[in-house]
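The chains referred to below are lettered A, B, ... by the order of the sequence lines, with proteins before strands, and numbering in each begins at 1. Note that these values count all heavy atoms, side chains included, but never hydrogens, waters or copies made by symmetry.
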Amino acid sequence: MSVNEEKWLDEWDKNRLFEANVIPGRPKFFVTFPIPYMNGPVHLGHAYTLSRADVIARYYRLKGYNVIFPQGWHWTGQPIVSAAERLAKGDQSMVKEFKEIDKVPDEIIQKFKDPVFMARYYTERNKNSFKRLGASIDWRREFHTTVDDPWFSKFIEWQYLTLREMGYVKQGSHPVVWCPRDKSPVGDHDRLKGEGVYPVEFRIVLFKVAESEEYLAAATLRSETIYGTTNIWLSPELEYVRARVDGKTWVVGKEAIKKLRDQMFSVEELGPVDPKSLIGKEVVVPVINRTVKILPATFIDKDIGTAVVYSVPAHAPYDYLALRDLQSSGYRDALDIKPISIIEVKGYGEFPAVEIVEKMKIKSQADALADEATKEIYAAELREGRMKGNCGEFAGVSVSAARKLVFDKLSELGLGYTFYELPEPVICRCTTRCHVKILENQWFLKYSDERWKELTRECINSMKVSPEEARRWFLDVVDWLQDYPCARQSGLGTPLPWDKDWLVETLSDSTVYMAFYTIAHLIRKVNPSSISKGLFDYVYYGKGNPKEVAAATGVDPALLEAMRSEFLYWYPVDVRVSAKELVPNHLTFFIFHHVALFDRDRWPRSISVNGMLTVEGEKMSKSKGNVITIDEAINIYGADAVRVALLSSSEYMNDANWSSRVAASVKERIASTIKLAKSIMDSAVKREPNVYDIWMTNRIYEYSEKIGRLIESYTIKEAAVAAFYEFGERVREYMKMVNQVPSKDVAENLVNAWAAYLAPFAPFLAEELYSLLKRGPSVMLAEWPKAGEPDLNADLEINLVNSLVSDVKEVLKVIKVRPKAVVVYAHDQSSSEEFLKSTPPDKKGRFMKFMRELDPLVKDRLGSFNELEIYRRHVEYISSELGVPVQVRGIGEAPAEHLQKASLSMPGKPAIVVER
RNA sequence: GCGGGGGUCGCCUAGCCUGGUCAAUGGCGCGAGGCUUAGAACCUCGUCCCGUUGGGGUGCGCGGGUUCAAAUCCCGCCCCCCGCACCA
């Protein structure tokens, strides 16, 4: 027995169930899922988060809300263009990837040389996947980003013009990891080596060569250490050059020239310098004006800094090692040099670098351990170091503060410059070594703006964030977020309206598009070229005179009003559902832009964050070849099974896992659920409700409340388990209790409730169940079953009976004999009361202990019911559960041979005698 | 390094905020039985150890502590995962 999902998809379409229209006075609920990037087929990771969003959308529909769940597609950015370019160049690995992983037909792949074609192809295909998964989306409001959707582009223009007016956009420069061959920034994923390596601020310090107008330009991370300078290092084996920089003549390593140029230094190269001609000469240490000698060292790397290093042997292991090497070789100029201690740090004596070199037994400057020693000393001194008394005005200042203060001083003297460097080598995919370039005239969003941050924090603090831990994460992100470059010069996108060379980049054109959804289907009626900023100002802000706006734009005034009322009705977003990877970027930007552009009553109401998805316990990736597309999974298991397998896998920000075994078992359970529901309907009889029927009705109340509460708190996994597994268990228990003959009323209520509970999670299965009732075309038009006041007497009875059954089972398990019969001795009401009034001393201890663990429902009512009668009423069910004939007797009815056991009976805990 | 999340009975997962009702939730797997010509599926029961009467022992990363009582609270330690920006 399986579900014909296609049929239900058609049915939903036909009834236009998910089209969201303004209904004044009716409460609305706005659900969103981030627009996915269209460079490939959507996979199970998308399915997981999308399903969570759909659960919320479907649930609120059943709760009577007017739900809007729109969806768009992301085309903005570089990757689609890059893939198209690689394809155009005939890259066969690319062809293979499209063919084998994405399963794109050959004739289509040929057309992928056009990036827009590629995006369009995936958009169509992925839309179909979302539909098949059962996402309850209003497709009339669909859009995609970039100028290919000019209406959307106009919206982005409005957004950025507005942000700029507000002063949230500015122009500036920024260091990036740069490939000199490709002439472009090199992101993490474009690197052969050096993932996670980013520009670090170095300082260049100029040391004037004595009796000359030249300066040696040394690069350092630790400007505060100039106080401890004992000499300068140059490598006799490297090439150096002389260059005119900022009005002075610098000597630097040859490799440094292009780096300086890319960092906006004006550099005029004057010619090579033989380092040997400099070694032995003296230079002046700035600030302290001491002269020190230039000495040779071999540890210098031509690709780091300027290949000029100033030496602080007291605090830098390499410097100490190079000095020791020279001294032990008897190098004359080095013999008199002694380390100068300038930093005091806990755990170390006067010369931390000397200490650690000796402790780690580092042999020479060529020893690999020197790196480790360096890191340790740097970290310890930065964290806890203080400048000593010999550091002039900085004596007593912490190292971390002194670092900046000393640099400021150098800078004032014209002897200090900022210079960016990569702390580790980065190699571009094209095999070229990268360095740092400062990109000029970039456009930034001023996320560093403290007022903006404060508004954003206010929004985060006032919205619902699930799980709670995510809120702290958001607040941390807001704290460290700096200005963010919001435009790029390549890829797809929308040009900045005032500077058409720049395209608004992906994370920046996807922040408030939810407001566009509200009007997306209406604005298509307007000629995009006539859309002005004024139109959006009116729709979103009510700014201006509608007649004038309409006339200026050539828009039908009624249409303009319709857009305005759509926005007013639907906004704000009630929930945004996303995986946690978007917390530090997209989701935070989403909040930033909302607080900038909209009033408080239009700020997002909630965010639900979930973990990532692994496949069979492994991270999903193309290189591992374990990416499963939504279509592939649906083809094997069906949409419901895919949804439930994903949804029931994990909660909070824990990663969810896709397991094909789980999916297969869910698929089977779906089939058995239909079978069970059918047999319930078929075998139901009209009758006055018995205690089992009442118990089942209580369960319906219980699960209506429980599942609803869980979904409303976005605890979707627990809700899914309750709806899909637990409630089914309760139904099975009920069917056992009524010996497979349910009451007709209960059967209908139960199937109706079950269909509703399942509708958010397994919508197709839910339709199958609901159709058994013949009440209407779709469960989505039904109501969430109301939770009523449960009849606790029924629960009390069933709980007592079940606990008796499990006690007897335990006894039978222990004694390991096949019993002929079981006799139960129970208290009636008066003997219970008697027992509670004056508990026999010999039983008191046992009774107190037992009471502590007792079901509170039973405990609270102990003595107020006739237990004996209850067991008697259910003797048939008890017998059949145990598979043994059972007799229930009062405590006074025990024959002599049972007396001893029977006397153990306590209220709530009858005595059990096994006859063999 | 900074920030976030986490380590639970074969595996995955719940519980932890608000200590006792927790040998601890649910699923998977496994075992037994039913059904079946057989198998798959399905249904029932079982699944830490000991126990011939509903009990006891051990136990929730490691080590301490608080408490009548700790998976849950406090302190220290170890380990794993994720993010750290010009990129979707």
Side-chain angles (χ1 to χ4, degrees), chain A residues 34 36-37 39 74 76-80 174-177 184-190 196 198 375 379 382-383 439 442 444 447 467-470 472-477 479-488 491 505-508 510 580-586 611-612 614 617 619 645 648-657 659 661-662 664-669 671-672 675-676 715 717-718 720-722 724-726 729 732 736 803-804 806-817 846 850-856 858-859 881 883 901 904 909-914 916:
Chain A
Y37 188 59
N39 66 338
H74 218 171
T76 308
Q78 184 60 42
I80 292 174
H174 194 81
V176 296
V177 179
S184 79
V186 180
D188 253 354
H189 45 279
D190 289 326
Y198 297 103
K375 279 185 188 142
L382 175 61
R383 219 172 33 238
L439 283 183
Q442 289 227 114
F444 289 86
Y447 292 138
E468 256 312 305
E469 294 79 42
R472 252 190 71 190
W473 192 1
F474 277 118
L475 291 170
D476 281 327
V477 173
D479 282 345
W480 66 251
L481 202 64
Q482 295 302 307
D483 292 346
Y484 185 86
C486 59
R488 288 195 57 140
E505 66 81 53
T506 0
L507 285 169
S508 305
S510 56
K580 64 181 173 188
E581 58 178 348
L582 298 186
V583 168
N585 42 69
H586 164 71
M612 314 279 286
T614 58
K619 202 173 156 178
S648 63
S649 157
S650 187
E651 200 78 277
Y652 308 122
M653 286 196 281
N654 298 321
D655 288 351
N657 181 48
S659 153
R661 271 211 293 234
V662 172
S665 98
V666 170
K667 186 182 178 182
E668 300 301 346
R669 195 169 173 113
S672 71
K675 211 166 110 187
L676 177 56
T715 317
K717 178 218 154 147
E718 203 178 335
V721 169
F724 189 75
Y725 291 108
E726 288 177 24
E729 287 310 306
R732 287 180 167 86
K736 254 185 351 193
S803 112
L804 174 61
S806 91
D807 277 353
V808 176
K809 275 184 183 166
E810 180 143 1
V811 171
L812 293 177
K813 190 176 113 196
V814 173
I815 63 174
K816 294 185 184 99
V817 288
R846 199 171 141 250
F850 153 73
M851 278 285 285
R852 216 171 28 224
E853 299 172 359
L854 196 57
D855 173 4
V858 177
K859 186 157 78 182
E881 269 300 281
K901 291 264 164 59
L904 294 170
K909 198 159 185 73
I912 298 160
V913 179
V914 179
R916 10 192 136 179

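A distance of about 26 Å separates the C1' atoms of B:C17 and B:G27, rounded to the whole Å.
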Protein N or O to nucleotides 25-29 of chain B N or O, pairs below 3.5 Å:
{"residue": "B:C28", "atom": "OP1", "partner": "A:Ser665", "partner atom": "OG", "Å": "3.2"}

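Within the nucleic acid shown, A:Pro34 has no heavy atom closer than 4.0 Å to any nucleic acid atom. Heavy atoms of A:Val808 sit nowhere under 4.0 angstrom from any nucleic acid atom. A:Lys901 comes within 4.0 angstrom of a base, heavy atoms only. Nucleic acid contact for A:Ala722: none, since no nucleic acid atom lies under 4.0 Å from a heavy atom of the residue. If you check every strand for non-hydrogen atoms under 4.0 Å, A:Gln482 touches a base. Among the protein residues, A:Asp479 comes within range of no part of the nucleic acid, since none of its heavy atoms lies under 4.0 Å from any strand. Contacts of A:Leu439 with the nucleic acid, taken as non-hydrogen atoms under 4.0 Å apart, are absent.
Within the structure, a side-chain polar atom (N or O) of A:Ser672 is placed less than 4.0 Å from OP1 or OP2 of B:C43. For A:Lys909, no side-chain nitrogen or oxygen approaches OP1 or OP2 of B:U53 to under 4.0 Å.
Of the nucleotides present, B:C43 is the one that pairs with B:G33 by Watson-Crick or G-U wobble criteria, both distances under 3.5 Å. For B:A70, there is no paired nucleotide, since no Watson-Crick or G-U wobble pair has both relevant distances below 3.5 Å. Base pairing analysis places B:C28 opposite B:G10; the two distances defining the Watson-Crick or G-U wobble pair are each below 3.5 Å. Under the Watson-Crick or G-U wobble criterion, with both distances below 3.5 Å, B:A85 is left unpaired in every strand shown. Pair assignment for B:C48 gives B:G57, based on Watson-Crick or G-U wobble hydrogen-bonding distances that are each under 3.5 Å. Nucleotide B:U21 is matched to nothing when pairs are restricted to Watson-Crick or G-U wobble geometry with both distances under 3.5 angstrom.
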> Passes side chain to side chain contact (heavy atoms under 4.5 Å, CB included), A:Tyr447 versus A:Gln482? Steps please.
Replying inline: CA-CA 5 Å; A:Tyr447 292 138; A:Gln482 295 302 307; over 6 Å; no

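Evaluation of the side-chain hydrogen bond (donor to acceptor under 3.5 Å, both in side chains) rule for A:Thr715 yields A:Ser713 as partners, not counting sequence neighbours. When the side-chain contact (heavy atoms from CB on, under 4.5 Å) test is applied to A:Ala722, the partners found at least two apart in sequence or on another chain are A:Tyr703, A:Lys706, A:Ile707, A:Glu726. Contacts of A:Phe444 classified as ring-ring contact (aromatic ring centres under 6.0 Å, His included), with partners at least two apart in sequence or in another chain: A:His174. For A:Asp807, the salt bridge (Lys or Arg N to Asp or Glu O under 4.0 Å) test picks out A:Lys909, with sequence neighbours left out. A:Glu668 meets the side-chain hydrogen bond (donor to acceptor under 3.5 Å, both in side chains) test with no other residue; sequence neighbours excluded.
Nearest to the side chain of A:Ile912, among B:U53, B:A85, B:C42, sits B:U53.
Nearest-nucleotide mapping onto RNA chain B: of A:Asn39 and A:Trp480, the residue sitting toward the 5' end is A:Trp480. Between A:Val176 and A:Pro910, the one whose closest nucleotide on RNA chain B sits nearer the 5' end is A:Pro910.
Judged by distance alone with a 3.5 Å cut-off, a donor-acceptor contact links the side chain of A:Tyr484 to the base of B:C87. If you check distances only, the side chain of A:Asp807 does reach the base of B:G54 with a donor-acceptor pair under 3.5 Å.
Ring geometry for A:His74 versus A:Tyr37: interplanar angle over 60°, hence perpendicular rather than tilted (30 to 60°).
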